[in-house]
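First up is the structure itself, then whatever we jot down about it.
Chain A is the first sequence line, chain B the second, and so forth, proteins listed ahead of strands; every chain is numbered from 1. Because the structure is predicted, anything quoted here is derived from the model rather than measured.
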Amino acid sequence: MSWKSLLPTSKQNFLQFHAHFVATGLSNHSIPLRHLLSSAALHGGPDYAITILAHFSHGPTTFLSNTIISIFASQNHPVCYSWYVYSSLLYRHCLLPNSYSYPSLLKSLSTSEDWNFHARCIHTHIVKFLGGIGDRFVGASLVSFYGRRGMIKACRYLFDEMLDPDLPTWNSLLAAYLRAGGGERDETFFFHYDDECRSNSLGLFRDMLLRGLAPDEMTFVAVLGVCGDVGALSQGMWAHGYILRHSNKVVLNQYVRSALIQMYGKSGRLDLAVEVFDEMKTRDTPCYNAMISCLAVHGNGHCAIGLYEIMKLNGTKVDESTMISVLSACSHAVLVEEGRRCFEEMTTILNIEPKIEHYCCLIDLLGRAGKVRDAIDIFRQVPMKPTAIMYRSLLSSCRIHGESELEMDGDVVKKLMELDPDHAGNYVMVSNMYANGEEWDSVKKIRTAMREMGVRKSPGISSIEIDGFVYEFSTGYAEPYVEEISRSLITR
DNA sequence: ATAGGGTTAG
């Protein structure tokens with residue numbers, strides 16, 4: 001046990017400790033070794049951990065490289081470090097990777113979009129060096145990898161090829177279906193999001209149960225997420241019940257609880273979300289984030305900000321996702337000044353570098369509140385390349401608040417169409433804009449373009465579940481409960 | 001000996 005207390009925490013005493021480590025033979029044992037490398041990566045940075053690795057007398061082995069890749073993956077260091085270790089294993093030390101090499105490497109790779117090239121060759125590597133996807137861990141990680149990158153087709157294909165997928169593989173697939181929300185295009189696998197995807201995933205869950213696999217916590221994180229997205233409240237409650245009934249097998253951990261909060265929040269049961277949140281003894285950042293975003297969805301901006309203040313007071317780490325939820329809460333409740341203050345705080349006090357998503361929220365906030373000019377000012381200050389979402393948000397606020405000189409800015413429209421030509425909502429929005437300005441020729445042009453591109457707008461539909469049946473309604477159509485629904489909306 | 005899971009805005 002004594003070596004643990006000796007673990008170095010600064011760059012200076014690492015080498016000294018390392019010498020001691022080798023001299024006492026501790027470096028032959030994996031657990032102390034992992035601790036040493038892990039602490040090196042944590043306190044000295046990934047570069048330093050790689051230096052330490054190079055100091056081992058026999059040079060890096062596959063085992064050592066695997067260990068360090070897994071450490072990098074778990075500490076969320078950028079992909080380049082894992083990839084560096086992996087490629088020097090191959091090309092500098094001429095060693096062969098094994099099945100332990102890939103799961104953590106895939107995990108690191110899946111987090112970064114800038115690594116498409118490497119992401120594409122990884123599958124080939126696996127086939128080349130391992131002779132196939134025979135290994136359970138490798139298979140599951142590959143399914144999860146394709147899923148995280150939104151390549152559902154590839155993901156599903158691999159899954160179907162497997163003879164007897166185990167629980168983690170099922171979980172990865174379910175998680176992939178859950179994440180498939182935005183739809184995605186890829187050079188190798190075309191995939192267009194269709195609504196079936198998510199409802200299918202509940203069917204998948206059923207198949208899994210029928211096959212006799214016992215779901216675990218991860219399964220429920222995915223399943224509850226899907227329930228929330230399709231508004232399947234009763235399935236969600238069923239899942240909650242299942243967890244409670246099988247408390248010896250499935251533990252209500254932080255992951256599951258935050259998924260429950262999310263599900264109840266999205267299904268319109270803020271009360272139950274709050275109940276789950278209140279029951280918790282310890283709450284981590286994602287739990288707070290889930291609760292804050294629920295409050296945001298329900299338009300309860302002040303409570304959301306209150307919770308954010310509580311987080312700061314009790315020392316829970318506020319991260320970038322928290323800020324997105326908080327800003328969107330401000331946006332939904334039109335709390336302009338509060339939102340501005342939170343954005344300020346983020347950079348000054350919390351030291352969080354605003355990402356493009358945060359700018360989006362801010363622009364949305366200002367635009368919705370009618371401060372279109374301010375929104376445009378911010379838009380010009382954003383240091384990153386503007387996204388389709390930003391243009392969309394800007395244009396729609398122009399439309400609502402009637403800043404006509406700006407809204408007819410053809411450049412913005414053109415840029416938006418270039419960036420996201422498949423997004424049906426764009427065409428509808430722009431054509432409505434022209435219709436407002438009574439530019440009927442332009443309206444016609446847009447409609448034709450839409451038809452030529454083969455873009456179709458699926459109607460915006462809300463759904464509500466009554467006695468186990470899901471009723472869908474959109475503008476002007478809500479059979480058979482149209483009157484009750486509008487009455488209850490008015491009385492609220 | 002070394003391995004696979006959590007969200008957010010429009």
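- Residue A:K355 is out of contact with every strand shown, counting any heavy-atom pair closer than 4.0 Å.
- Heavy atoms of A:S172 sit nowhere under 4.0 angstrom from any nucleic acid atom.
- Chain A approaches DNA chain B over the interval B:dA1 to B:dG10, counting the first and last nucleotide 5' to 3' with an atom under 4.0 Å from its heavy atoms.
- Residue contacts shown for A:R257 are absent, as no nucleic acid heavy atom lies under 4.0 Å away.
- Ring orientation note: the planes of A:H118 and A:W115 are tilted relative to one another, at an angle of 30° to 60°.
- Within the 4.0 angstrom heavy-atom criterion, base atoms lie near A:S258.
- Nucleic acid contact for A:D216: none, since no nucleic acid atom lies under 4.0 Å from a heavy atom of the residue.
- Residue contacts shown for A:Q254 include a base, since a base heavy atom lies under 4.0 Å away.
- No side-chain donor from either of A:S104 and A:S70 sits under 3.5 Å from a side-chain acceptor of the other.
- A:T62 and A:N98 form no side-chain donor-acceptor contact under 3.5 Å, judged by distance and modelled atom types alone.
- Within the nucleic acid shown, A:E357 comes within 4.0 Å of at least one base atom, counting heavy atoms only.
- Between A:Y86 and A:H125, the ring planes are tilted. Angles from 30° to 60° get that label.
- Residue contacts shown for A:S99 include a base, since a base heavy atom lies under 4.0 Å away.
- Within the 4.5 Å cutoff, the side chain of A:V297 has no heavy atoms near those of the A:H332 side chain.
- In the model, A:T67 has no side-chain atom that pairs as donor or acceptor with a side-chain atom of A:R34 under 3.5 Å.
- Within 4.0 Å of A:N289, counting heavy atoms only, lies at least one base atom of the nucleic acid.
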